[in-house]
2 protein chains.
Amino acid sequence: MSRYDPSAFPPFAVTVDLVVLTVREHALCALVVRRGEPPFQGYWALPGGFVRPDEGLAEAAARELAEETGLRAHTAHGQAAAGAHLEQLATYGHPQRDPRLRVVSVAHLALAPDLPTPRPGGDARSARWAPVGELLGRGGEDGVPLAFDHAAILADGVERARSKIEYSSLATAFCPAEFTVGELRRVYESVWGVVLDPRNFHRKVTGTPGFLVPSGGTTTRQGGRPAQLFRAGGATVLNPPMLRPEP
Amino acid sequence: MSRYDPSAFPPFAVTVDLVVLTVREHALCALVVRRGEPPFQGYWALPGGFVRPDEGLAEAAARELAEETGLRAHTAHGQAAAGAHLEQLATYGHPQRDPRLRVVSVAHLALAPDLPTPRPGGDARSARWAPVGELLGRGGEDGVPLAFDHAAILADGVERARSKIEYSSLATAFCPAEFTVGELRRVYESVWGVVLDPRNFHRKVTGTPGFLVPSGGTTTRQGGRPAQLFRAGGATVLNPPMLRPEP
DNA sequence: GTAATAGTGTCTCTCAGACATTATGCA
DNA sequence: TGCATAATGTCTGAGAGACACTATTAC
């Protein structure tokens with residue numbers, strides 16, 4: 001067997017990268033930052049950074065998320081603070097994925113409600129919300145692809161989000177604390193890129209136990225007849241699941 | 001912002017750990033090896049080892065799997081060689097998870113057919129297939145828990161396998177190349193820990209397009225009336241999914 | 001009024017779950 | 001002959017999908 005001597009282990013750099021998704025104007029968008037230094041200088045990239053010697057992976061991801069967006073993270077067993085859902089996505093460690101040194105990146109997926117300000121991070125780098133279709137289909141807005149292997153990471157994050165809102169109540173993470181059935185339906189439509197029947201959708205989500213709880217109030221912020229406001233119920237898994245229509 | 005100088009990155013050790021599952025005698029079993037050195041000397045642990053400087057994560061996992069079991073790995077886009085299914089599970093990086101040094105472990109999940117020999121690895125360490133219920137419920141066979149955080153990793157792997165055979169054809173990875181509907185049903189029963197109706201199961205799996213293709217032959221290795229033999233079809237996702245009965 | 005969205009009801013078809021019977025090989 | 005397992009058929013109820021109508025606000 002070829003077990004290494006632990007005192008002579010090969011050293012790696014470990015980072016966290018973030019796929020932060022939100023729904024803006026009926027489009028699924030991801031947070032990207034512009035790189036100010038080589039390699040890939042001037043390219044758009046996913047936010048991220050090195051894991052510190054004394055912090056865990058989820059901790060590092062939550063710290064980076066707070067630095068980039070000001071959001072507190074809701075982990076699975078998480079806090080009650082207002083903020084985003086955060087979960088580990090996958091780990092990317094191809095030997096040549098960073099030309100400088102051997103970097104293993106633990107990617108995380110964050111789902112956030114539409115933020116008033118797509119505010120840049122604390123430093124001078126610029127940041128923006130970009131529709132994922134623009135980022136994944138033939139490069140970015142200038143035809144420039146994402147830095148490193150970030151396009152693959154983003155694609156995996158988007159696919160995770162698309163499949164996970166089927167059988168979990170995670171779609172509510174894209175909504176503000178109080179939301180209407182129509183707003184939740186537009187989240188599903190934006191993430192899946194489909195059109196859903198409003199009547200069947202309403203019957204389904206209100207009939208799934210623990211998914212939605214009425215908050216009592218109503219709103220007309222979408223125009224038309226006043227709509228009932230709901231909060232996310234306690235249920236995390238949906239039974240029966242929402243079904244994504246096939247093309 | 002607190003971006004580290006890449007030339008002064010904090011060094012980590014990166015390992016791969018393997019959750020190798022199989023079905024033996026109507027029980028879901030995991031491969032564990034006995035540790036010959038501290039820490040956790042004498043404890044059972046998941047097989048694994050350090051990632052080498054020039055290999056990728058999946059590559060390292062496939063190498064460890066071959067060393068421990070002799071199986072070739074079938075990755076998602078993988079080879080045609082006879083062997084096990086292998087996929088990345090999750091990454092574990094709590095700062096104190098290894099008392100010696102900072103280790104980030106990228107856990108992988110492997111699903112294998114029942115192997116004739118639970119043969120130990122190339123070195124002198126002993127290895128065995130242990131029922132996961134025994135490993136997860138109140139420690140191992142001697143009441144000894146698994147080393148490090150391996151109980152949590154194993155639990156995550158088992159849950160991944162349990163949920164993934166619902167909507168994918170992965171259950172066939174537990175079967176030999178040719179198998180009967182009854183054998184496949186016993187896989188589902190063992191992994192889920194339930195009893196399934198043979199008639200409904202037969203109707204369901206044979207009616208799902210692309211799941212099973214008849215190989216033409218029959219067998220009586222289970223006794224009783226000769227059963228038709230099948231191979232795994234090309235389908236990877238099942239539509240409609242198999243439904244896990246609730247307790 | 002018009003326009004916009006919210007909310008409810010009905011029908012049909014597919015499928016999951018419960019259940020009985022016949023078929024075939026081995027000891 | 002007895003026993004094991006395989007394979008097929010029928011019924012019923014739940015739920016998804018298609019579709020029409022009424023309700024309530026803003027302008």
Side-chain angles (χ1 to χ4, degrees), chain A residues 25-26 165-167 175 178-190 192 194-231 235 237-247, chain B residues 25-26 165-167 175 178-190 192 194-231 235 237-247:
Chain A
E25 295 162 12
H26 220 281
I165 64 174
E166 282 193 78
Y167 54 88
C175 297
E178 292 198 333
F179 53 90
T180 70
V181 173
E183 289 165 351
L184 183 63
R185 174 169 49 82
R186 277 179 281 278
V187 164
Y188 274 93
E189 289 179 333
S190 304
W192 284 344
V194 297
V195 180
L196 299 173
D197 184 292
R199 304 161 287 210
N200 292 337
F201 184 86
H202 190 283
R203 166 162 49 88
K204 177 116 190 181
V205 295
T206 55
T208 300
F211 194 5
L212 301 182
V213 292
S215 77
T218 62
T219 182
T220 61
R221 62 187 172 214
Q222 299 290 339
R225 169 176 169 178
Q228 217 180 335
L229 283 170
F230 294 87
R231 297 179 167 278
V237 298
L238 298 185
N239 232 317
M242 304 296 296
L243 289 186
R244 168 160 42 160
E246 359 194 3
Chain B
E25 295 161 13
H26 221 277
I165 64 174
E166 283 192 78
Y167 54 89
C175 296
E178 294 198 331
F179 53 89
T180 69
V181 173
E183 289 165 350
L184 183 62
R185 175 169 49 83
R186 278 179 280 277
V187 164
Y188 275 91
E189 290 179 333
S190 304
W192 284 344
V194 297
V195 181
L196 298 173
D197 184 293
R199 305 161 286 209
N200 293 335
F201 184 86
H202 190 283
R203 166 162 48 89
K204 178 115 191 182
V205 294
T206 55
T208 300
F211 194 6
L212 302 181
V213 293
S215 79
T218 61
T219 182
T220 61
R221 62 186 172 216
Q222 300 290 339
R225 170 175 168 179
Q228 218 180 335
L229 283 169
F230 294 86
R231 296 180 169 278
V237 298
L238 298 186
N239 232 316
M242 305 295 295
L243 288 186
R244 167 159 41 158
E246 359 195 2

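To find a chain, count down the sequence lines: A is the first, B the second, and so on, and within it residues start at 1. Note that these values count all heavy atoms, side chains included, but never hydrogens, waters or copies made by symmetry.
The nearest whole Å value for the distance from the OH atom in Y188(B) to the P atom in dA16(C) is 13 Å. Between R185(B) atom CZ and dA7(D) atom P the separation is 10 Å, expressed in whole Å. Remark: P of dA4(C) and CZ of R186(A) are 14 Å apart, rounded to the nearest angstrom. Here the P atom of nucleotide dC15(C) and the CG atom of L243(A) are 12 Å apart, to the nearest Å. Spacing between atom CD of Q222(A) and atom C1' of dA6(C) amounts to 11 Å, rounded to whole angstrom units. Between E183(A) atom CD and dG7(C) atom C1' the separation is 15 Å, expressed in whole Å. Here dA7(D) presents its P atom at 16 Å from CG of L196(B), a figure rounded to the nearest Å. The CG atom of L238(A) sits 15 Å away from the C1' atom of dG15(D) (whole-angstrom rounding).
A donor-acceptor pair under 3.5 Å links the side-chain atoms of E189(B) to the main chain of L196(B), judged by distance alone.
Dashed line: the shortest gap from a side-chain N or O of H202(B) to OP1 or OP2 of dT8(D) is under 4.0 Å. Between K204(A) and the phosphate of dG15(D), there is no side-chain N or O to OP1/OP2 separation shorter than 4.0 Å.
For E166(A) against L238(A), the heavy-atom pair with the smallest separation is O-CD1, 4.2 Å. Residues E183(B) and E178(B) come closest through the heavy atom pair OE1-O, 4.4 Å. Heavy-atom minimum distance, M242(A) versus W192(A): CB-CH2, 4.1 Å. Taking every heavy atom of both residues into account, Q228(B) and T218(B) meet most closely at CA-CG2, 4.2 Å.
Within the 4.5 Å cutoff, the side chain of Y188(A) has heavy atoms near those of the L184(A) side chain. When side chains are defined from C-beta on, L229(B) counts as touching T180(B), because their heavy atoms get closer than 4.5 Å.
Residue P198(B) is out of contact with every strand shown, counting any heavy-atom pair closer than 4.0 Å. Heavy atoms of R221(A) sit nowhere under 4.0 angstrom from any nucleic acid atom.
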How would you summarise protein contacts on nucleotides 19-27 of chain C per nucleotide, using B for base, S for sugar-phosphate only and - for none, with heavy-atom distances below 4.0 Å? BB--BBS--
